[in-house]
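Remarks on the structure that follows.
On a predicted model such as this, the values are computed, not experimentally measured, just so you know. Just so you know, these numbers use all the heavy atoms, side chains as well, and skip hydrogens, waters and symmetry mates.
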Amino acid sequence: MKDAAAPPLPWDVAVESVDSADARALLREYYTEVADRYYALHENRRSTSEEIERGLAEYPPGYLAPPDGVLLVARRGGDVAGCVGVRLLDARTAELKQMFVRAARRGRGAAGVLLVAAERVAAELGAERLRLDTRLDLVEALALYRRHGFTEIAPYHDEGYAEIFFEKRLGDLSGSDLRG
């Protein structure tokens with residue numbers, strides 16, 4: 001008789017300071033990946049370390065910190081897998097930022113768990129809707145957002161790199177399970 005494989009450990013999602021070592025590493029990996037994909041598509045090259053440093057420096061202190069924002073980090077069995085930020089744009093609108101799952105952890109449900117957690121946090125912050133922007137070349141992200149009920153909307157800002165905008169109305173999320 002073969003031993004049954006142990007079920008996967010649940011995902012743990014928790015608020016974490018953007019200044020923690022794990023958060024800094026995740027945000028650097030996120031920024032490097034999206035920059036590399038952008039430069040590969042438009043300039044047939046990878047990003048430079050100087051470009052990554054400049055890009056990371058554009059995020060102001062407190063950008064994803066209480067009382068108007070948070071960074072959520074997903075772990076499984078203590079292994080850091082990904083992150084997502086939520087920040088208030090106004091009293092009724094939150095924005096999803098820096099959604100990222102490490103390549104080795106993709107395809108295991110972390111992105112969905114992070115997205116549900118972000119929706120709950122946005123609702124807890126008082127938001128009635130959650131918005132986001134992304135690029136058209138980030139096809140995995142587009143599929144994820146559509147699968148989770150986000151619908152395309154008109155642009156809500158004119159910052160560079162954003163090519164498509166989404167929104168989801170937030171309902172009662174009190175029963176959502178953040179452990180996946």
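A donor-acceptor pair under 3.5 Å links the side-chain atoms of Glu163 to the main chain of Leu136, judged by distance alone. Between the Ser20 side chain and the Ser17 main chain, a donor and an acceptor come within less than 3.5 Å of each other.
By the 4.5 Å heavy-atom criterion applied to side chains, Leu72 and Glu16 are not counted as neighbours. Residues Gln98 and Val84 fail the side-chain proximity criterion, which asks for heavy atoms closer than 4.5 Å. Proximity of Tyr39 to Leu41: side-chain heavy atoms (C-beta onward) are nowhere separated by under 4.5 Å. The side-chain heavy atoms of Val116 and Arg120, taken from C-beta on, include no pair separated by under 4.5 Å. Side-chain contact between Phe166 and Ile153: absent, with no pair of heavy atoms (C-beta onward) separated by less than 4.5 Å. Looking at heavy atoms from C-beta onward, Phe100 lies out of side-chain contact with Tyr31 at the 4.5 angstrom threshold. For the pair Val73 and Val80, the minimum side-chain heavy-atom distance is below 4.5 Å.
The two atoms that bring Gly82 and Leu114 nearest to each other are C-CD1, 3.8 Å, heavy atoms only.
Defined by atom type and a distance below 3.5 Å, a donor-acceptor pair is missing between the side-chain atoms of Glu43 and Tyr38. Side-chain atoms of Ser47 and Glu51 include no donor-acceptor pair closer than 3.5 Å.
Tyr145 meets the ring-ring contact (aromatic ring centres under 6.0 Å, His included) test with Phe150; sequence neighbours excluded. Under the ring-ring contact (aromatic ring centres under 6.0 Å, His included) criterion, Tyr156 pairs with Phe165, not counting sequence neighbours. Qualifying side-chain contact (heavy atoms from CB on, under 4.5 Å) partners for Leu125, counting only residues two or more places apart in sequence or in other chains: Val86, Leu88, Val121.
Distance check: Leu27 CG to Leu71 CG gives 5.5 Å after rounding to the nearest 0.5 Å. We find the OG1-CG distance between Thr32 and Leu56 to be 7.0 Å, quoted to the nearest 0.5 Å. A distance of 11.0 Å separates CG in Leu170 from CD in Glu124, rounded to the nearest 0.5 Å. Remark: Leu132 CG to Glu95 CD distance equals 8.0 Å, nearest 0.5 Å. Expressed to the nearest 0.5 Å, how far NZ of Lys168 lies from CD of Glu119 amounts to 3.5 Å. Distance check, rounded to the nearest 0.5 Å: CG of Asp158 to CG of Asp133 gives 11.0 Å.
Sparse packing is recorded around CZ of Arg92, with 12 or fewer heavy atoms of other residues, nucleotides or ligands lying under 6.0 Å away. The 12-atom threshold is exceeded at CG of Asp90, counting heavy atoms of other residues, nucleotides or ligands nearer than 6.0 Å.
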Verdict with supporting geometry, Lys97 and Glu159, salt bridge (charged side-chain N to carboxylate O under 4.0 Å, His left out): CA-CA 14 Å; Lys97 301 301 291 181; Glu159 296 169 13; 5.1 Å; no

Salt bridge (charged side-chain N to carboxylate O under 4.0 Å, His left out) between Asp68 and Arg87, worked out: CA-CA 6 Å; Asp68 295 326; Arg87 68 180 187 139; over 6 Å; no

Steps toward salt bridge (charged side-chain N to carboxylate O under 4.0 Å, His left out) verdict (Asp79, Arg105): CA-CA 9 Å; Asp79 181 33; Arg105 302 301 270 166; 3.0 Å; yes

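Hydrophobic clustering keeps Leu89 apart from Met99 (ILVMFWY residues linked when any side-chain heavy atoms are closer than 4.5 Å, directly or through intermediates). A continuous path of ILVMFWY side-chain contacts below 4.5 Å connects Leu144 to Val113, so both sit in one hydrophobic cluster. Connection of Leu142 to Leu138 is not established within any shared hydrophobic cluster, with ILVMFWY side chains joined at heavy-atom distances below 4.5 Å, either directly or through further cluster members. Trp11 and Leu26 fall into different hydrophobic clusters, where Ile, Leu, Val, Met, Phe, Trp and Tyr are joined by side-chain heavy atoms under 4.5 Å apart, directly or via other members. Hydrophobic clustering keeps Val15 apart from Tyr63 (ILVMFWY residues linked when any side-chain heavy atoms are closer than 4.5 Å, directly or through intermediates).
For Arg102 and Glu29, the salt-bridge test passes: some basic side-chain N is under 4.0 Å from an acidic carboxylate O. Checked for salt-bridge contact, Arg131 and Glu167 meet the test: a charged N lies under 4.0 Å from a carboxylate O. With respect to Asp22 and Arg75, a salt bridge is recorded, a charged nitrogen being found less than 4.0 Å from a carboxylate O. Ion pairing between a basic and an acidic side chain is recognised when a charged N comes within 4.0 Å of a carboxylate O; Glu50 and Arg54 show no such pairing. Between Asp12 and Arg76 there is no salt bridge, since none of the side-chain N atoms of the basic residue sits less than 4.0 Å from a carboxylate O of the acidic one. For Glu140 and Arg135, the salt-bridge test fails: no basic side-chain N is under 4.0 Å from an acidic carboxylate O.
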